[in-house]
2 protein chains.
Amino acid sequence: MKKYLNLLSKSEIFRGIKEDEILTMLNCLSGKIRKYKKGEYIFTVGDRVSSVALILEGSVHIQKEDYWGNLSILNKMSEGDTFGEAYSVLSSNKAENNAVAVADSLILYLDLKKILTVCSSLCSFHNQLIMNTYTVLSAKNVSLTQKIGYLSQRTTREKLFSYLSDQSIKAKSTSFTIPFNRQQLADFLAVDRSAMCSELSKMQKDGIISYNKNNFILKDI
Amino acid sequence: MKKYLNLLSKSEIFRGIKEDEILTMLNCLSGKIRKYKKGEYIFTVGDRVSSVALILEGSVHIQKEDYWGNLSILNKMSEGDTFGEAYSVLSSNKAENNAVAVADSLILYLDLKKILTVCSSLCSFHNQLIMNTYTVLSAKNVSLTQKIGYLSQRTTREKLFSYLSDQSIKAKSTSFTIPFNRQQLADFLAVDRSAMCSELSKMQKDGIISYNKNNFILKDI
DNA sequence: TCACCTTTGTTGTTTTTACAACATATTTTC
DNA sequence: GAAAATATGTTGTAAAAACAACAAAGGTGA
């Protein structure tokens, strides 16, 4: 476990808490670890989820597969990120989508109710932990809302442009790298990959953007 | 304030907390009240938001207006609901969308940091309040994710069908009432109103659904 | 390096949507 | 209860997307 203390101390959920404090807390929060192979499902729709999952190694996609097999990636998580926090406090704590390991992964499970309930021993950093946990969920909320912003655009070009604009703002530069390949980006924006590719070409021809692999540059208009 | 105690005790955020306890807490949480006229903006993009807003009277839409004037309704809130919780703990606590009163409204503001930080006097119900606040945000998270599910559908028919299916499941009946008029539903699903109307007609002709005003019935297929 | 596999890009066809313009209801207000 | 305002439904047309099928580029491993 000590191997991951550095990672944990850099994670959002343990931000501002010292490594030795984290170690104490882990017992208190009944932390358990499990391994997953690449491609393995961590939970699927309908599973009961009662803890927060924190990624120690690997990476995970939260995704939904519909009736007709269309896949949409709802979120892409990597080391230090948490997922599943939303379900564990709701009365019906059933997962509404799938979490799948996209690389061999190691997951730390923490009991969310214990996080949110101040313990009798009142660890000095418990307030910080509560605040952090809430902040993580808030940030997720904001990013879901952002995604809704992209999906609410009517045309593929508008979807692409609103997404790329945001990435550019995030990177504080007109030049930036996106964390998706073409198929993943198409799934994220809920459009057809080939149509998206050809739209990207057109946007480049029109001088709005230029790109090479996952590197994009927004042009002045 | 006492006038609203009944409403507050029924709200998600004060669930399980007795009316006299709530009254004590309100002082502790520095609750402030403000009135808004129908159509008035409660906050707009970029505004600094540092408290949770709870609707005592009226109703509020969280919405985004894009560059070209397209409106998308992100959420529709009514009495007892809260909004703005996500921004207030984030380091850049700037609103990323607009909150507008769609009826004359009365809003109670609560200091979120005070909610999440256990006070020195340690009110007995503070743990419950923390849990509730987290639950509210979680529920919002789940519903944003659901909306992403609808928006990720490719055709208007699929969007409508996935939304109506969920409403039906929620109502535990094939017959149910939706909380949107046509324009609002179109904005919510990010499609053109008239195109949506005609798609609804087609779906009715095809015997998939039937409807009258905001009442819908899903047909067996 | 060569065969194989994965990713990305291109093109044409069919389906669906946005948009506009208008008709018909329904609700509100005076 | 009539007029005005708002909401809903309909239709045709132009634009855009999905889909399919394939070409080209890039990576990977034997």
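Below, chains carry the letters A, B, ... as their sequence lines are ordered, and counting in each starts from 1. Note that the structure is a prediction, hence the values are computed from the model and not measured.
- Across the protein-nucleic acid pair, B:Y211 atom OH and D:dG9 atom C1' stand 8 Å apart, rounded to whole Å.
- Whole-Å rounding puts the A:E199 CD to D:dC19 C1' distance at 16 Å.
- Side-chain nitrogen and oxygen atoms of A:S194 include none within less than 4.0 Å of the OP1 or OP2 phosphate oxygen of D:dC19.
- For the pair A:E199 and A:K159, the salt-bridge criterion is not met [side-chain N within less than 4.0 Å of a carboxylate O].
- Taking the six-membered ring where tryptophan is involved, the planes of A:F43 and A:Y87 are perpendicular, since the angle between them exceeds 60° and thus also 30°.
- Each of B:K213 and A:Q183 was assigned the nucleotide of DNA chain C with the nearest heavy atom; the assignment lying further toward the 5' end belongs to A:Q183.
- The distance from atom CG of A:L200 to atom C1' of C:dT10 is 13 Å, rounded to the nearest whole Å.
- One atom, CG of B:N181, and another, C1' of D:dA5, lie 14 Å apart when rounded to the nearest Å.
- Rounded to whole angstrom, the span from the CG atom of B:D192 across to the C1' atom of C:dT17 amounts to 8 Å.
- The phosphate of D:dA7 (OP1 or OP2) has no side-chain N or O of B:R193 nearer than 4.0 angstrom.
- To the nearest angstrom, C1' of C:dT16 lies 11 Å from CZ of B:R157.
- Considering only side-chain N and O atoms, B:T155 lies nowhere under 4.0 angstrom from the phosphate OP1 or OP2 of C:dT16.
- Looking at B:K147, its side chain does come within 3.5 Å of a backbone N or O of B:F188 through a donor-acceptor pair.
- What separates CE of B:M196 from P of D:dA7 is a distance of 13 Å, to the nearest Å.
- For the pair B:R154 CZ and C:dA18 C1', the computed distance is 18 Å after rounding to whole Å.
- At the phosphate of C:dT10, neither OP1 nor OP2 sits under 4.0 Å from any side-chain N or O atom of A:S198.
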side-chain hydrogen bond (donor to acceptor under 3.5 Å, both in side chains) between B:D47 and B:Y41, worked out: CA-CA 11 Å; B:D47 284 359; B:Y41 282 89; over 6 Å; no
